[in-house]
2 protein chains.
Amino acid sequence: MQNRLTIKDIARLSGVGKSTVSRVLNNESGVSERTRERVEAVMNQHGFSPSRSARAMRGQSDKVVAIIVSRLDSLSENLAVQTMLPAFYEQGYDPIMMESQFSTQMVEEHLGMLQRRNIDGVVLFGFSGIKDDILKPWQASLVLLARDASGFASVCYDDEGAIRALMQKLYEQGHRHISYLGVPHSDVTTGKRRHEAYLAFCKKHNLPAVASLPGLAMKQGYDQVASVLTPHTTALICATDTLALGASKYLQEQRIDNLQLASVGSTPLMKFLHPEIITVDPGYAEAGHQAAAQLIEQINGRSEPRQIVIPAKIS
Amino acid sequence: MQNRLTIKDIARLSGVGKSTVSRVLNNESGVSERTRERVEAVMNQHGFSPSRSARAMRGQSDKVVAIIVSRLDSLSENLAVQTMLPAFYEQGYDPIMMESQFSTQMVEEHLGMLQRRNIDGVVLFGFSGIKDDILKPWQASLVLLARDASGFASVCYDDEGAIRALMQKLYEQGHRHISYLGVPHSDVTTGKRRHEAYLAFCKKHNLPAVASLPGLAMKQGYDQVASVLTPHTTALICATDTLALGASKYLQEQRIDNLQLASVGSTPLMKFLHPEIITVDPGYAEAGHQAAAQLIEQINGRSEPRQIVIPAKIS
DNA sequence: CTGTTAGCGCCTTCAG
DNA sequence: CTGAAGGCGCTAACAG
């Protein structure tokens with residue numbers, strides 16, 4: 001870890017000047033093919049790699065980004081992060097992880113810390129309560145996930161499309177009494193948009209709407225399913241897989257098995273525990289990919305903040 | 001993000017020399033109280049924070065560590081990482097995340113990458129197949145989690161104690177036909193040690209041992225439970241919560257409800273889905289904490305590689 | 001095309 | 001106790 005070579009060494013070893021080595025290193029034009037090859041040979045031979053810190057000091061960028069997840073054990077966020085990591089590595093960025101635990105205060109603290117560390121960019125998994133002005137300083141180097149805000153880059157799921165797809169499927173199967181278990185409107189995407197999509201479909205097809213919006217937690221699903229079940233109910237849509245997990249536990253306990261469950265989010269756990277549930281994949285993997293790509297483009301100044309929506313795929 | 005202040009600015013603003021500012025920054029002795037206060041005042045006033053890269057360049061350490069998890073969605077590893085992150089932040093270390101997906105090749109690649117980046121240390125969640133010689137170069141700055149290897153620092157769970165505690169509990173409840181669902185011996189800790197602890201208990205108390213070691217996956221638990229159920233079986237121990245999840249799905253489907261389940265690993269998901277299962281907490285949270293602490297001590301040269309074992313807590 | 005010359009922000013002698 | 005000078009590894013002008 002100690003006596004690593006420097007460009008100076010490489011220069012000496014290949015009989016050229018430091019700057020030539022630097023040019024080769026950065027694939028700059030204006031180096032003869034012969035010289036380049038020679039220098040590259042020496043580099044490989046010694047397994048040379050330039051000092052990050054030194055480059056950072058000159059270039060202002062240390063090629064570090066942060067990913068702030070809400071919870072490390074969020075099934076959906078995991079899927080997104082899983083595709084994000086390789087994408088960052090590929091471009092030479094080191095992703096550091098932080099957990100917000102759905103606390104705006106933690107987000108603030110983390111962002112403060114990141115700013116002091118002069119980090120290149122941030123992917124933030126959004127949740128309700130985050131105020132835009134906290135994010136302001138990051139406008140140019142932030143990608144919001146699962147949430148959008150005007151002026152900020154974001155990668156969102158197609159909340160409306162996802163719900164509509166599920167409803168459509170159930171409708172085609174003949175269901176006419178479909179209940180809904182969701183999240184309060186204070187959560188704009190998972191809460192409001194999905195619920196409204198449900199209501200819209202019901203209205204359009206003249207179906208009775210029976211809904212409850214307890215929250216994101218499994219236990220809330222478990223506790224509240226009963227409240228949306230009527231004697232006519234034949235199907236139930238859950239806004240998230242977590243809610244569906246809670247709901248189905250209740251249904252199982254009550255031995256209610258004449259109900260078609262459907263939910264947004266086809267995580268592996270869900271697929272395994274309840275393959276009978278109709279799910280729609282909001283495209284977590286794709287979202288992770290896009291978020292990383294977008295952030296990198298922004299960092300390199302090759303893109304303005306864009307708002308991306310991932311199409312949902314029924315599965 | 002652009003024109004941050006430097007110690008030079010602070011020096012000018014407080015009417016001292018750069019070196020004095022540097023001394024204050026590093027809490028070095030040999031600065032008069034008055035000067036120190038003045039400089040500190042200016043620093044706070046301007047929210048000054050020194051450039052990481054510049055310090056790194058001089059000091060060799062950029063205060064970055066890596067955490068290599070096997071899978072981002074591992075419930076147990078998540079719990080450990082959750083306590084690790086704050087511990088690292090507190091000491092000024094940035095933890096970057098990597099996923100090995102149980103592939104030794106990925107581990108190699110990641111470690112190579114980390115070495116090139118001149119990182120300070122690594123926490124590696126071990127699994128079977130990792131060869132010691134790959135880790136050799138990291139001997140001084142690596143902490144192995146959930147696995148041990150001679151010469152390396154490690155934080156392990158008390159596999160034997162955990163199983164014994166579960167067996168003891170079941171035994172006290174009157175169970176005499178306890179089956180076991182585990183992991184192959186190629187996995188030394190979760191596989192071999194736990195299984196042997198089971199066998200030892202059976203032998204000591206003269207119980208019949210009925211076991212199968214399918215693997216780590218939920219589906220394997222699901223597929224293999226049947227093979228360890230005899231007409232006499234009244235209890236079943238699973239080596240991991242994941243296996244237990246798979247097993248209990250099968251039992252539920254078969255409407256087998258006269259079986260006491262027990263498992264190592266009391267993750268929140270487990271607690272929620274199956275509160276009736278007897279679990280023992282291997283101390284994931286504590287392990288994360290200790291791993292971070294140990295790594296930091298090693299980096300600072302304040303500790304040799306130690307092998308730590310976390311006591312299991314029945315819950 | 002290539003080498004030389006300055007720094008980037010910080011820490012570390014070495015003189016005052 | 002404090003300031004000035006030098007250098008860490010690299011990039012970016014500027015000369016050849």
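Chain identifiers are assigned alphabetically (A, B, ...) following the order of the sequence lines, protein sequences preceding nucleic acid strands; residue numbering begins at 1 within each chain.
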Distance check needed: C:dG9 C1' versus A:R52 CZ, whole Å only.
18 Å

Just checking B:Q105: does its CD atom have more than 12 heavy atoms from other residues, nucleotides or ligands closer to it than 6.0 angstrom?
no

Minimum-distance pair of heavy atoms, taken over all atoms of A:G265 and A:Y284
CA-OH, 3.7 Å

Short side-chain donor-acceptor distance under 3.5 Å, A:D159 and A:T189:
no

Looking at A:R116, is its backbone amide N or carbonyl O close enough to the side chain of B:R4 to form a donor-acceptor pair, meaning the two atoms are under 3.5 Å apart?
yes

Sub-4.0 Å heavy-atom contacts from residues 30-37 of chain B onto DNA chain D, ordered by number:
B:G30, B:V31, B:S32, B:T35

Could you tell me whether the side chain of B:S22 and the main chain of B:K18 form a donor-acceptor pair under 3.5 Å?
no

Whole angstrom value for the distance that separates P of C:dT5 from NZ of A:K8:
13 Å

Between A:L25 (CG) and D:dA12 (P), how many Å, whole number?
12 Å

Within a radius of less than 6.0 Å around NE2 of A:H289, do more than 12 heavy atoms belonging to other residues, nucleotides or ligands occur?
no

Phosphate OP1/OP2 of C:dC11: any B:R55 side-chain N/O under 4.0 Å
yes

Grab the CD1-C1' distance between B:I7 and D:dG3 for me, whole Å please.
12 Å

Mind grabbing the angle between the end helix axes of the helix from C:dC1-D:dG16 to C:dG16-D:dC1? Five pairs an end, 10° rounding.
40°

My understanding is that only one of B:E99, B:E77, B:M98 makes a side-chain contact (heavy atoms from CB on, under 4.5 Å) with B:L72; could you say which?
B:E99

Residue pair A:G129 / A:T104: nearest heavy atoms and the distance that separates them:
O-CG2, 3.1 Å

Separation of atom CZ in A:R58 from atom P in D:dC10, rounded to whole Å:
13 Å

Near-strand residues of residues 9-23 of chain A, defined as heavy-atom separation under 4.0 angstrom from DNA chain D
A:K18, A:S19, A:S22, A:R23

Give the rounded distance in Å between these two atoms: CE of B:M57 and P of D:dG9.
8 Å

What is the distance, rounded to the nearest whole Å, between atom CD of B:E28 and atom P of C:dC11?
8 Å

Starting at atom CG of B:N118, determine the distance to atom C1' of D:dC8, rounded to an integer number of angstrom.
13 Å

So, the side chain of A:Q139 versus the backbone of A:G151: is there a donor-acceptor pair under 3.5 Å, distance only?
yes

Has the side chain of A:T6 got a donor or acceptor atom that lies under 3.5 Å from a matching backbone atom of A:K8?
yes

Would you check if the side chain of B:S14 reaches a backbone N or O of B:V39 as a donor-acceptor pair within less than 3.5 Å?
no

